[in-house]
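In what follows, chains are A, B, ... by sequence order, proteins preceding strands, each numbered from 1.
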Amino acid sequence: MSGFNKVVTSYEEALAGFTDNMTVMVGGFGLCGIPEGLIEQVNKLGSTGLTAISNNAGVDGFGLGKWLEKRQISTMIGSYVGENELFEKLLLSGEMEVILTPQGTLAEKIRAGGAGIPAFFTATGYGTDVANGKETREIDGRHYVLEPSLTADFALVKAWKADTMGNLIFRKTAMNFNPMMATAGKITVAEVEEIVEPGELDPNYIHTPGIYVQRVIKGQFEKRIEQRTVKPSHQES
Amino acid sequence: MSGFNKVVTSYEEALAGFTDNMTVMVGGFGLCGIPEGLIEQVNKLGSTGLTAISNNAGVDGFGLGKWLEKRQISTMIGSYVGENELFEKLLLSGEMEVILTPQGTLAEKIRAGGAGIPAFFTATGYGTDVANGKETREIDGRHYVLEPSLTADFALVKAWKADTMGNLIFRKTAMNFNPMMATAGKITVAEVEEIVEPGELDPNYIHTPGIYVQRVIKGQFEKRIEQRTVKPSHQES
Amino acid sequence: MALTRDQIAMRVAQELQDGYYVNLGIGIPTLVANYIPEGMEVMLQSENGLLGMGEFPTEETIDPDLINAGKQTVTAVTGAAYFSSAESFAMIRGGHVDLTVLGAFEVDQEGNIASWMIPGKLVKGMGGAMDLVAGAENIIVTMTHANKHGVSKILKKCTLPLTGAGCIKRVITELAFMEIKDGAFHLLERAPGVSVEEIQALTEADLVIPEHVPEMKV
Amino acid sequence: MALTRDQIAMRVAQELQDGYYVNLGIGIPTLVANYIPEGMEVMLQSENGLLGMGEFPTEETIDPDLINAGKQTVTAVTGAAYFSSAESFAMIRGGHVDLTVLGAFEVDQEGNIASWMIPGKLVKGMGGAMDLVAGAENIIVTMTHANKHGVSKILKKCTLPLTGAGCIKRVITELAFMEIKDGAFHLLERAPGVSVEEIQALTEADLVIPEHVPEMKV
């Protein structure tokens, strides 16, 4: 038997069961740490009516920008979107609903969803439009907003390395939303740069234990850079 | 200047400012991963009226058992206590109040405290004595209890290694409550087995970033074992 | 004949599936680890921060930094992961553990469980038990059907302080394997050689008995 | 004369203390990193998951996996740590960041701040700004005192949708350093060569002016 071997070798298998109108979380901050191949596959599938939960919405022609092109997203939940022109059009035309959520609240809502916490209070957004229609409460002299948690049918995350059992490690700031999303998907698919055997990842430094991960696929990553900022090579300070 | 050098070399410095009637979190699960020297120092200080937040309460003569001997704790918040006889006496005589808290709720209350979440809903304890006097709510057909978060004046944690800037890593199951407590103390003191220079800990695998840690001290650890369970050495399965 | 502790564990082990993440409580549940079917892979979660608990160490490999939730020294299997208590209970509370097996003093036909406190005795605390029963979808309770005086612990309504409300669906005792639904216990299997009448006699709760009650295979 | 963007950053940098963990927003706040006083150590937090942000990389060391919250490629300093967005905002929301510097469209004398949305323009989102203003004890807002038409942005009441309510205490503009307390702006310092009258003229909010208003040292 191979109860804990979660490796799949095709994107079709990786997204088996993915259908229209699902809620899907997609890891990444901007284009950093996004599951490029899984995003591509959803694009190929052409699934529509999706609720996409992702901090950002990609750029024209890359990342979630591709889903926008195919009108696959009906509701977008993110903290900073609209780095592409198409986004604005879809928003203004009413083809897409956007639920803007403060970045930290978004991260915590996802963590809470994965951790079985249905709702929590946060000061973030109190007194702003974000609190509209939400319960607020004063606790020890400060004002808070009650935020419900988020879960998803699929969580598509990008990790650096996985072992075959789905234990994941992330690299540098490509971690971002990926670990929380991995906990919050009914089916979590991890697209990774390298798959190793169990035991090759130090159990003391696993970022995401395999219990949260249902499928692992090795991807190829373009890792496009949004803001290429450099200093001259000779400057050595 | 040495703005980020958090190393102190005496337990007096490590607990400078510690006074009677404070709330203090103490890391560890049973006797595994407890800050032995810091516990000893609080015992030496003789501070009384303490509210101690710790999963367990030590054993007779070791760990928090020492605080019990000196009647230092007025309120104990933990999930499983009374591994020592003295505990029972203090409880029955009313010298000490005990607030029993489910282990996962305790862990989450501490994490929430450190993360600026004043309260959250959890299903744990619904319909039990733990929910007495607490707000409950039905969300999507399940019942939940509202749990307020916990913070402390001092958090005393035990880590494996620290760098001088207070970045911490823990080892195996000696991690337990330590990382959350590190985030929830106004002053967090980490007693560690080894102090290294900044850069020696891989920034990708820091368990507790230094921002949470105010003081670091190198300790000596007895690491007493509560339940020494072994199989015969020759049994090789 | 009534099942032994080990036989109860054996019967529970038949409920395992390949690839299950399982949390085993102290006592009989711990024994389940000894009866994992040949070739089946199961990962044990220990709520103090370990996924992939292994067997006890030898005197040579004992490590005070590596214990289980019962504070026993243990080992970790290949592919294990260590994490904080918050992460551990995120797994439990979030419903990521496939099966939880734990003991109880009493269960009742509403799915309530009492397992942590006997008034008058020293209260040591619930540890992770309340989180486990509230978080797991799939729980099997192992317990004795009655106390030594023959007083049933399979009840219409628990008498002891609860560990969790409405969360228990399956119970295995030395006499029977029962399911709780629609406000009653349903007898699924009886221990080899134990009659339905014996079970009925020691069951205070409403017990639905189908025409044919198969014997457990242990 | 009104301060330049760099001079505003220089003035903010005087508020730094050795050992501060600091989050710098996009724009003028980012420039503060260039004016950290000699010998003082400050760690920069980037809310996408980095404590210890360094300068821009070279073409040789550029790493697409290492960016800041403005999505710019950066480096990490010795002693840095990477973590998830949840951990990052736990730091912010939990009040662990010593100083947050960010820009604004408007602030008002109740401590409200509007910085993320101008109705009629495309709404891109608040990113981490709402979390930062709600979580930080110590915030400095850098902004221009008025728009190009001379309309004040230092207001009795913000007109734009808020980023946070009652959370701002200190504001630095090209003209003045002000503190908000008791429902009014208090003029602490003026830009070199800028008169109190000029500041007053461009301030719509209630402005408390002490007898002596020192010039900033930049």
Side-chain angles (χ1 to χ4, degrees), chain B residues 1-7 107-120 149-152 155 159 161-170 179-188 190 195-216, chain D residues 13 16-23 36-54 63 65-66 74-100 128 130-138 164 167:
Chain B
M1 301 193 199
S2 59
F4 293 99
N5 186 347
K6 304 189 179 165
V7 177
E108 190 67 15
K109 282 161 81 88
I110 296 166
R111 181 197 173 273
I117 305 287
F120 58 90
S149 64
L150 289 169
T151 56
K161 295 182 188 179
D163 66 20
T164 58
M165 301 172 85
N167 290 305
L168 305 181
I169 59 172
F170 304 93
M180 294 84 74
M181 288 183 174
T183 70
K186 281 193 200 78
I187 296 178
T188 290
I195 299 175
V196 302
E197 288 302 308
E200 289 189 43
L201 302 180
D202 187 332
N204 216 43
Y205 306 109
I206 302 291
H207 292 128
T208 295
I211 193 170
Y212 295 118
V213 178
Q214 280 68 49
R215 301 171 194 166
V216 173
Chain D
L16 296 172
Q17 292 184 25
D18 194 33
Y20 257 21
Y21 295 95
V22 178
N23 184 294
I36 297 167
E38 188 81 19
M40 184 181 285
E41 291 177 41
V42 165
M43 289 278 269
L44 301 179
Q45 203 256 16
S46 187
E47 65 263 30
N48 57 316
L50 167 60
L51 186 67
M53 179 167 58
D63 182 344
D65 287 342
L66 181 41
V74 293
T75 57
V77 302
T78 300
Y82 302 108
F83 35 80
S84 73
S85 302
E87 181 67 48
S88 183
F89 284 94
M91 285 177 197
I92 290 167
R93 200 189 304 102
H96 302 280
V97 174
D98 296 300
L99 174 65
T100 291
M130 285 191 181
D131 307 281
L132 282 160
V133 298
E137 278 290 301
N138 190 6
C167 50

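Interface residue D:Glu87: backbone and side-chain heavy atoms are both found under 4.5 Å from chain B. Of the atoms belonging to D:Val77, not a single heavy atom falls under 4.5 Å from chain B.
Listed options B:Gly114, B:Pro203, B:Gly116 were ranked by heavy-atom pairs under 4.5 angstrom with chain D; first place goes to B:Pro203. Note: B:Pro209 leads B:Ala112, B:Gly113, B:Gly166, B:Pro209 in heavy-atom pairs under 4.5 Å with chain D. Heavy-atom pairs under 4.5 Å with chain D were tallied for B:Ile211, B:Asn204, B:Asn167; the largest tally goes to B:Ile211.
A distance of 12.0 Å separates CD1 in B:Ile117 from CZ in D:Phe89, rounded to the nearest 0.5 Å.
Taking both residues in full, the closest heavy atoms of D:Glu41 and B:Phe4 are given as O-CE1, 3.2 Å, listed atom of the first, atom of the second, then distance.
With sequence neighbours excluded, the residues satisfying side chain to side chain donor-acceptor pair (under 3.5 Å) with D:Ser46 are D:Asn48. With sequence neighbours excluded, no residue forms a salt bridge (charged side-chain N to carboxylate O under 4.0 Å, His left out) with D:Asp98.
B:Tyr212 has its side chain out of reach of D:Tyr21: every pair of non-hydrogen atoms, C-beta onward, lies at least 4.5 Å apart.
Enclosure of atom CD in D:Glu137 is not indicated, since only 12 or fewer non-hydrogen atoms of other residues, nucleotides or ligands lie within 6.0 angstrom.
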